[in-house]
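Positions are given from 1, in the same order as the sequence printed here.
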Amino acid sequence: MKQEATQPVLPEIPPVIGAAEVRAAAEILKQYRQGKANLEKRVIENEQWFKLRHWGQMRRSSSGNDPEPASGWLFNSIANKHADAMDNYPEPTVLPREQSDQKTAQVLGAILPVILERNGFEKTYSDVWWKKLKSGTGIYGVFWNPSLENGLGDIDIHPVDVLSIFWEPGILDLQNSRNLFTVELVDNQVLEEQYPQLLGTLHTPSLETGRYLYDDFVDTSDKSAVVDWYYKRDGRLHYCKFVNETVLFASENDPVLRETGWYDHGQYPFAIDPLFPEEGTPAGFGYIDVMKDCQMYIDRLNQALMRHAMMASRKRYFIRDNGSVNEKEFADWNRDFIHVAGSGLGEDSIREVDIAPIDNLIPSLLSQKIDELKETSGNRDFSQGSTSGGVTAASAIAALQEAGSKLSRDMIKGSYRAFAQVNYLCIELIRQFYTEPRCFRIAGNDGEEFFQMDNRGLAPQSQGTAFGLEMGERLPVFDIRIVSQKSSPFSKAAQNELAKELYSMGFFRPDMGEQSMAVLEMMDFEGKEMVRKSIAQNLNMWKQLSKMQEQLTLLAKAAAKENAAGGAAQSTTPDGAQGNGTPSGDVLPNNPPSGKPQAKAPAAT
């Protein structure tokens, strides 16, 4: 009897990441958090300034009865910066580096906006910009979520709070950190339902994280800190999720992922977008850090003005102790009569407290501080639609708005760099996980199109052989170019003015096409290539039409010469007849060529 071959039993591989490694990682996390303590304190304070709750920091030396005005100059400046960013919402364009990758690049350029739309990226982009303007640092997280798309998995993009991420102190590039941690507070009951191994282990004290000063009371006593630990080892990126000392998942405990790593691209799945860079940290500082000192003095001066106004609006009196005026009746404004003891009311019995008018220095200084905040933030009147200095022309206002938005354009270009990094991470996740075709519906100007996308066009491509040697494989690499999907209204007005100027100067006249093309070579504006093509087409049509007119003129001259030559030949007959073939005089020929009788010419009178 033939014995069936049995499958050999493989020995179990002991886990690489256990409780000891998690404890060591938690100690590293504490060190990272201590190095980020000043940043967390500044971020929490900036959030209070943004919510106009900054009198909590300014109230140290003021009386509790004083007014506490919180003007919105700082908030208005940040809101305008955010509006500029949303007016220039980005859109990726994928460019191939090899000619053979053009089709793949075209499909990637079509499906990347769809992936971003599925993730609700416009809201993510808005949230990251708010964080960037307030705290100086916006962070995107680009992950693979296996639960999306009916279990097939898909790319998951969402904003990351700067208080919940921790990196190695002293680095400039996030990718150079030896470890990277993100911490999230999750309800204990939810954790026990998802991970039964946590039952009975969540009563121990959890890791502490920085928290904002919420308006509502947030109870975190029944929550535990879930730590996502990313680290690089032997050139590979690995990932571990743990709570306290319990390992929920570790890529190094998986035999396959231990060799390949968590993500094939080997980078931390985060794209950081700082506003104003700082040395020694990948984070930056924001506009609140720049403007809150000026905003503080604006509110202090407003407080002085309001205090004086309240003092002047409330009349107060000096009353002598042994005076003759009844104080209770005098203080009651509902009484028509006030009793006075004695025979008379002297001026020394009661006297009004005089409030001197406020010095003009305080309103002038307040106005100067407001102008200083506007100048510092670049939020001048023209940038938010106001006019001054007698400027009323639409073209002049648009030009001033464009010139005044250079700070916003600089910030937006910085955010485009982070957005390009997000798209690079998306392409790498498509390269790794799109093993099965996915269907995408693309809505364009020509209707809807459907694309099938998988990772075959992104996989390593064979380069064939040369001289009998294998040339190996090449990895398709693409470049990301970011353009603005939504043009600013200011930019549209400037473009319209430019189009009218080009038309009035005769740029679109066919006979001036060569001069217009020469001028366009020295100009740079959006839509230049379309204008150049239009002028070139008009110039070519005008040249063709000119050639056709020249040919018609030559043909007409040639036909005239032929007619003239034929008429001269008929006029020189042997019997001296005229050029039209008829004899001179009034006598008609007896035998006309047509064979029909002709009428006689009328006799001379």
Side-chain angles (χ1 to χ4, degrees), residues 12-30 32-33 118-121 123-124 127 139-166 179-212 214-231 237-258 261-263 268-270 429 432-433 436:
E12 293 185 2
I13 301 176
V16 178
I17 304 298
E21 288 75 16
V22 165
R23 284 195 296 269
E27 289 297 325
I28 297 175
L29 174 57
K30 290 181 180 178
Y32 285 10
R33 185 169 183 268
R118 288 179 179 177
N119 279 273
F121 186 77
K123 183 180 184 303
T124 301
D127 293 343
I139 305 175
Y140 298 94
V142 185
F143 311 97
W144 180 260
N145 191 339
S147 62
L148 297 178
E149 291 297 314
N150 298 324
L152 289 177
D154 208 345
I155 299 170
D156 189 6
I157 307 173
H158 56 77
V160 178
D161 192 358
V162 69
L163 295 183
S164 65
I165 186 170
F166 303 89
N179 302 273
L180 195 67
F181 300 91
T182 60
V183 182
E184 181 184 6
L185 292 178
V186 182
D187 189 85
N188 291 339
Q189 185 177 358
V190 175
L191 288 175
E192 291 176 349
E193 291 176 357
Q194 294 181 351
Y195 305 99
Q197 63 268 35
L198 293 176
L199 289 172
T201 65
L202 299 179
H203 62 278
T204 58
S206 184
L207 292 170
E208 294 182 0
T209 58
R211 292 187 298 170
Y212 295 104
Y214 302 109
D215 295 337
D216 300 330
F217 174 73
V218 180
D219 185 13
T220 60
S221 59
D222 292 334
K223 298 180 183 294
S224 297
V226 180
V227 181
D228 290 338
W229 172 28
Y230 298 89
Y231 58 97
L237 175 70
H238 287 284
Y239 165 67
C240 175
K241 180 187 285 290
F242 65 89
V243 176
N244 296 335
E245 295 184 359
T246 304
V247 178
L248 303 181
F249 175 82
S251 59
E252 282 198 288
N253 294 347
D254 188 289
V256 177
L257 296 178
R258 182 182 303 178
W262 181 238
Y263 290 136
Y268 294 125
F270 302 96
L429 293 179
Q432 179 179 356
F433 293 103
E436 298 181 7

[X] side, atom [atom1]; [Y] side, atom [atom2] - distance, nearest 0.5 Å:
X: I17; Y: E252; atom1: CD1; atom2: CD; answer: 4.5 Å
X: L180; Y: Y32; atom1: CG; atom2: OH; answer: 8.5 Å
X: F242; Y: L248; atom1: CZ; atom2: CG; answer: 9.5 Å
X: L202; Y: N188; atom1: CG; atom2: CG; answer: 4.5 Å
X: L191; Y: D222; atom1: CG; atom2: CG; answer: 11.5 Å
X: H158; Y: Y140; atom1: NE2; atom2: OH; answer: 13.5 Å

**No-hydrogen, no-angle side-chain donor-acceptor test under 3.5 Å, S147 and N145** = yes
For [X] and [Y], work out which heavy atoms get closest and say how close.
X: I155; Y: L148; value: O-CD1, 3.9 Å
X: H238; Y: S251; value: ND1-OG, 3.0 Å
X: R258; Y: N253; value: NH2-CA, 4.1 Å
X: N119; Y: I157; value: OD1-N, 2.9 Å
X: E436; Y: L152; value: OE1-CD2, 3.5 Å
X: V256; Y: D254; value: N-OD1, 2.9 Å

Taken in chain and number order and not counting sequence neighbours, the residues that satisfy side chain to side chain donor-acceptor pair (under 3.5 Å) with K123 are D127
Within the 6.0 Å centroid threshold, strictly below: [X] and [Y]:
X: F143; Y: Y239; answer: no
X: F181; Y: Y231; answer: no
X: F249; Y: W262; answer: yes

Within the 4.5 Å heavy-atom criterion, are [X] and [Y] side-chain neighbours or not?
X: L29; Y: F166; result: yes
X: V142; Y: L429; result: yes
X: D154; Y: W144; result: yes

Using modelled atom types and a 3.5 Å cut-off, is there a donor and acceptor pairing between side-chain atoms of [X] and backbone atoms of [Y]?
X: E21; Y: G18; result: yes
X: D161; Y: S164; result: no
X: D228; Y: C240; result: no
X: D187; Y: K223; result: no

Go through the steps for V226 and K241 under the test side chain to side chain contact (heavy atoms under 4.5 Å, CB included), then give the verdict. CA-CA 7 Å; V226 180; K241 180 187 285 290; 3.9 Å; yes
- Intermediate values then yes/no, side chain to side chain contact (heavy atoms under 4.5 Å, CB included), E27 and K30: CA-CA 5 Å; E27 289 297 325; K30 290 181 180 178; 4.0 Å; yes
Test side chain to side chain contact (heavy atoms under 4.5 Å, CB included) on F270 and I165; report intermediate values, then the result. CA-CA 10 Å; F270 302 96; I165 186 170; 4.2 Å; yes
_Heavy atoms from other residues, nucleotides or ligands near CD of Q197 exceed 12 (cutoff 6.0 Å)_ = yes
Check your understanding: Y268 vs Y230 aromatic rings, parallel, tilted or perpendicular, using cut-offs 30° and 60°?
Key -> perpendicular
| Taking the inter-plane angle between the rings of Y263 and F433 on a 0 to 90° scale, is it parallel (under 30°), tilted (30 to 60°) or perpendicular (over 60°)? | perpendicular
side-chain hydrogen bond (donor to acceptor under 3.5 Å, both in side chains) between N179 and W229, worked out:
CA-CA 7 Å; N179 302 273; W229 172 28; 3.0 Å; yes
Quiz prompt | Evaluation steps, side chain to side chain contact (heavy atoms under 4.5 Å, CB included), between L185 and S224 | solution = CA-CA 5 Å; L185 292 178; S224 297; over 6 Å; no
